[in-house]
Amino acid sequence: MPSFLGEALGDPPGLDGSENGLENRRDIGDILQQIMTITDQSLDEAQAKKHALNCHRMKPALFSVLCEIKEKTGLSMRSTQEEEPQDPQLVRLDNMLLAEGVAGPEKGGGAAAAVSAATSSGGMSPDSSLEHSDYKSKLSQIRTIYHTELEKYEQACSEFTTHVMNLLREQSRTRPVSPREIERMVAIIHRKFSSIQTQLKQSTCEAVMILRSRFLDARRKRRNFSKQATEILNEYFYSHLSNPYPSEEAKEELAKQCGITVSQVSNWFGNKRIRYKKNIGKFQEEANLYAMKTAIGATQSEESPHTPNSTGEMKQGSSCHGNKRNSYTKYM
DNA sequence: GTACATGATTACCG
DNA sequence: CGGTAATCATGTAC
């Protein structure tokens, strides 16, 4: 604060003012001198000086003058600010952070639960769950940083606010300070700090976005399904060749058997159908192989009356309406 | 390194 | 929304 005073008062030359003997002048000069040197003194000394200043006989007069000036200028700075209706950008950031689980309450054990669920689901490729937990841990890292930083800012903000308020309260003894003024000051401080917070939120959002895109890219790094899983899927496909559209339940069952997700099953069937259709010749051998397999399986488990259908016989219940759409058998 | 296989993604359709 | 078709990007066999 010495700089404030220095600037405000200027560096008046000839402070001693000994040239003219006017007592008032010397009094003011003394006061200024004291103010100028107040920071060079120890706290106790300063406190004592402050007390002396407060008790100075000129003080009430000066104070009333200040009040008068303030009264006049105060009107002009009335309607300088009207509460802005919150930055939509900030709202967006908040929403995103909340949606990504960065800003919200800590999801206790969420990551651990997900990992254990993934790993306990059997022969599923551990890779996806590993990547998933990697993503989770990175996210919680971001989250931790975000929260500690946010806390730091909040603490600093409140500390600074109380500091300023104390200062103002202190100053209100020597100059008129309206409660409204204090409010404004606090508002200004909060605005400044919240702009810093916005920056923090922005960079956190960016970090999350980068992490996300990396994770999505990583998901593209596919791993082939296990031999066993492909076996099961092919078995189903070729034994339902006339209508290779597993129902939702069937997909779930297949997913469980193969240790993959339902959407992976859907992907597989989507790819298989289109690729089979595109080049049936190429798949002929495979088709025969699985037809044979199911034939063996059928004869082993029970005397099956059907000939397993490499010829595309309908085995699916959906045929009961006669609408065997997409039957690939016509290509054979 | 190349060519093919394969799982995932995307645009579009009904 | 679930399907098809094209495409991407990687896995894998040679």
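First the proteins, then the strands, lettered A, B, ... as listed; each starts at 1.
Separating the CG atom of A:N267 from the C1' atom of B:dT9 is a distance of 8 Å, rounded to the nearest angstrom. Rounded to an integer number of Å, the gap from CG of A:N271 to P of B:dA8 is 8 Å. Atom P of nucleotide B:dA5 and atom CZ of A:F283 are separated by 8 Å, given to the nearest angstrom. Whole-Å rounding puts the A:R273 CZ to C:dT4 C1' distance at 9 Å. Put simply, CG on A:N234 is 13 Å from C1' on B:dA5, counting in whole angstrom units. Atom CD1 of A:I274 and atom P of B:dA8 are 17 Å apart (whole Å). Atom CD1 in A:I260 sits roughly 12 Å away from atom C1' in B:dA8 (whole-Å rounding). One interatomic measurement links the two molecules: NZ of A:K278 to P of C:dT4, which rounds to 13 Å at whole-angstrom precision.
Looking at A:R275, its side chain comes within 3.5 Å of the base of C:dT7 through a donor and an acceptor atom.
In this structure A:D44 satisfies the side-chain hydrogen bond (donor to acceptor under 3.5 Å, both in side chains) test with no other residue, sequence neighbours excluded. Applying the side-chain hydrogen bond (donor to acceptor under 3.5 Å, both in side chains) criterion to A:E252, with sequence neighbours excluded, gives no partner residue.
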Stepwise, does the ring pair (Phe, Tyr, Trp, His ring centres under 6.0 Å) test hold for A:F237 with A:Y290? CA-CA 9 Å; A:F237 180 78; A:Y290 281 101; 9.5 Å; no
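OP1 and OP2 of B:dG7 both lie 4.0 Å or more from every side-chain N or O belonging to A:Q264. Listed pair A:K251 / C:dG2 fails the phosphate criterion, with no side-chain N or O lying under 4.0 Å from OP1 or OP2. Put simply, A:Y276 has no side-chain N or O that comes within less than 4.0 Å of OP1 or OP2 on C:dT4.
Side-chain proximity of A:K277 to the nucleotides C:dT7, C:dT4, C:dG11 is greatest for C:dT4.
Relative orientation of the A:F160 and A:H163 rings is tilted, given thresholds of 30° and 60° on the angle between their planes.
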